[in-house]
Amino acid sequence: MSTYNGAAYLDEQVESLINQKDVEVQILIRDDGSTDDTVAKLITLEQRYPKQIRLCPESNVGVIASFFDLIQRSSETFDYYAFCDQDDVWMPNKLARAVAQLREKDESQPLMYCSATQMVSQNLEHLKVWPADIPRPLSLYNALIENVCVGCTMVFNKQTLQLVRKKIPATLNNVIMHDWWIYLCTASFGEVVFDPEPSIWYRQHQNNVLGGSTDGLVSKWRKRLSRFVKGKNQYILSKQARQFVQLYGQDMPSQLYRDVDQFLDSYQKGVLSRMKYIGQSPFYRQSRLDNWIYKFVFILGKL
């Protein structure tokens, strides 16, 4: 768990971790330079559960670097690992359900579980389930251009932890988010499992550092268009893809590597080459509308 000025909901979240059924839980918490009562609350929780909580108060580096630091600090003595936000509440069988589904797979390879979330208000009033539907495979062909795996639902095995720790980027400027990077890694070298049954109450409130959206379709696309016009989403996907290939390209399955290399090579060429490529590109987003937007932005050279 990475925390930052999250004192308001910490007790409820940590208690939901401690009370997970049928698993043994150890909680590694890195505080990212909080200026409120977060650290004081965490110290109290650590004193209450000294055998289960380890607190690391640190300086502020931002959410991405904070979670990568947690990955580097994690011991390899555990069977499974999970990311946790500071303001949600986990359902009692969250971890047991994830582990049961992962154990049905080939555990010699990198594995990752993720699930839908039950989005709730700050008072835990139900809003909607999100993401509601994942119609297409969770493969590299999706992960390269879209993240549908909510980080706070992720549970992954030791092989995934080792894969990520082996080649953590020297600079994180081109990593969009830690959970997206994990999705890329696992989809390239192992298997990703999606559970449509929500495993957490995903709290939405005005102080969210990150989170889903309860916006309607029109509002959602108005915000996306605004971010695109202002340049906030331009080039981030192609930069992350290049960063990933630089680190893992030589180890990737040959067909995956060729497809990603063609994707990046076509993207760097002129608009006519991009138009020719995008018609037969194997990469996709889950939503049909999102997929058309991806193709349009690729042709413009703004991906």
Side-chain angles (χ1 to χ4, degrees), residues 64 114 130-150 167 169 171-192 194 210 212-213 215-303:
I64 300 174
C114 60
W130 178 83
D133 185 30
I134 304 292
R136 308 183 71 175
L138 295 183
S139 69
L140 176 65
Y141 295 103
N142 179 232
L144 196 76
I145 59 172
E146 179 182 27
N147 181 30
V148 295
C149 300
V150 183
K167 295 184 178 181
T171 174
L172 299 175
N173 292 340
N174 294 328
V175 175
I176 299 172
M177 193 54 62
H178 61 284
D179 54 358
W180 198 331
W181 191 260
I182 301 289
Y183 180 26
L184 272 169
C185 289
T186 315
S188 299
F189 298 98
E191 186 174 353
V192 181
F194 177 76
L210 297 166
S213 174
D215 294 338
L217 185 63
V218 174
S219 177
K220 180 173 69 173
W221 281 103
R222 185 185 296 119
K223 289 179 179 179
R224 287 186 181 183
L225 181 60
S226 175
R227 288 196 298 268
F228 176 74
V229 170
K230 294 177 181 178
K232 292 183 178 180
N233 282 358
Q234 292 181 11
Y235 314 117
I236 58 175
L237 291 173
S238 56
K239 287 180 179 179
Q240 179 171 259
R242 289 193 191 97
Q243 175 82 79
F244 184 76
V245 170
Q246 288 172 3
L247 289 177
Y248 287 101
Q250 62 183 2
D251 301 322
M252 292 170 64
S254 58
Q255 185 61 56
L256 286 183
Y257 178 76
R258 285 195 295 270
D259 288 339
V260 176
D261 186 61
Q262 184 180 11
F263 172 90
L264 292 173
D265 182 63
S266 299
Y267 179 74
Q268 292 173 327
K269 294 180 179 178
V271 64
L272 292 179
S273 295
R274 293 197 295 272
M275 291 177 66
K276 181 179 179 180
Y277 168 80
I278 202 62
Q280 46 84 42
S281 170
F283 297 93
Y284 55 84
R285 293 172 69 94
Q286 296 292 335
S287 157
R288 181 177 297 180
L289 181 57
D290 280 357
N291 211 41
W292 281 109
I293 294 294
Y294 143 63
K295 293 176 183 293
F296 175 68
V297 176
F298 183 93
I299 292 172
L300 291 180
K302 303 291 186 179
L303 197 67

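Keep in mind the model is a prediction, meaning the values are calculated, not measured. Every heavy atom of this structure was used, including side-chain atoms; hydrogens, water molecules and symmetry mates were not. Position 1 is the first residue of the sequence, and the numbers go up from there.
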*asked:* I'd like to know if the side chain of Arg285 and the backbone of Asn291 have a donor-acceptor N/O pair within less than 3.5 Å.
replied: no
*Is the NZ atom of Lys276 crowded by more than 12 outside heavy atoms at less than 6.0 Å?*
no
*Carefully, step by step, assess Ser281 and Tyr294 under the rule side chain to side chain contact (heavy atoms under 4.5 Å, CB included).*
CA-CA 11 Å; Ser281 170; Tyr294 143 63; 3.0 Å; yes
_Quick check: do Ile176 and Leu237 have side-chain heavy atoms less than 4.5 Å from each other?_
yes
*Does any N or O in the side chain of Lys295 come within less than 3.5 Å of the main-chain N or O of Ile278, such that one atom is a donor and the other an acceptor?*
yes
*With a 4.5 Å limit on heavy-atom distance, are the side chains of Phe244 and Met252 in contact?*
yes
*Verdict with reasoning, Arg242 to Leu264, per side chain to side chain contact (heavy atoms under 4.5 Å, CB included)*: CA-CA 7 Å; Arg242 289 193 191 97; Leu264 292 173; 3.9 Å; yes
*asked:* So Val148 and Leu138, do their side chains get closer than 4.5 Å, heavy atoms only?
replied: yes
*Please report the C-alpha distance between Tyr257 and Val245 in whole Å, then the side-chain angles of each, then the deciding distance to 0.1 Å, and finally whether the side chain to side chain contact (heavy atoms under 4.5 Å, CB included) criterion is met.*
CA-CA 8 Å; Tyr257 178 76; Val245 170; 3.8 Å; yes
_Pair Arg136, Asn142 - check side chain to side chain contact (heavy atoms under 4.5 Å, CB included), show working._
CA-CA 8 Å; Arg136 308 183 71 175; Asn142 179 232; over 6 Å; no
*Do Asp259 and Phe283 come close enough that some side-chain heavy atom pair is under 4.5 Å?*
yes
*If the plane angle is over 60° it's perpendicular, under 30° parallel, otherwise tilted; pick one for Phe263 and Tyr267.*
parallel
*Give a yes or no answer on whether the side chain of Ser188 reaches the backbone of Leu140 with a donor-acceptor pair at less than 3.5 Å.*
no
_What I want to check is whether the side chains of Asp265 and Tyr277 have a donor and an acceptor closer together than 3.5 Å._
no
*Is there a donor-acceptor pair under 3.5 Å between the side chain of Glu146 and the backbone N or O of Ala143?*
no
*For Ser266, does its backbone N or O pair with a side-chain atom of Arg274 as donor and acceptor, under 3.5 Å?*
no
_Beyond-backbone contact of Ser139 with Tyr284, side-chain heavy atoms, under 4.5 angstrom_ = yes
*Could you tell me whether the side chain of Gln243 reaches within less than 4.5 Å of the side chain of Leu172, counting heavy atoms only?*
no
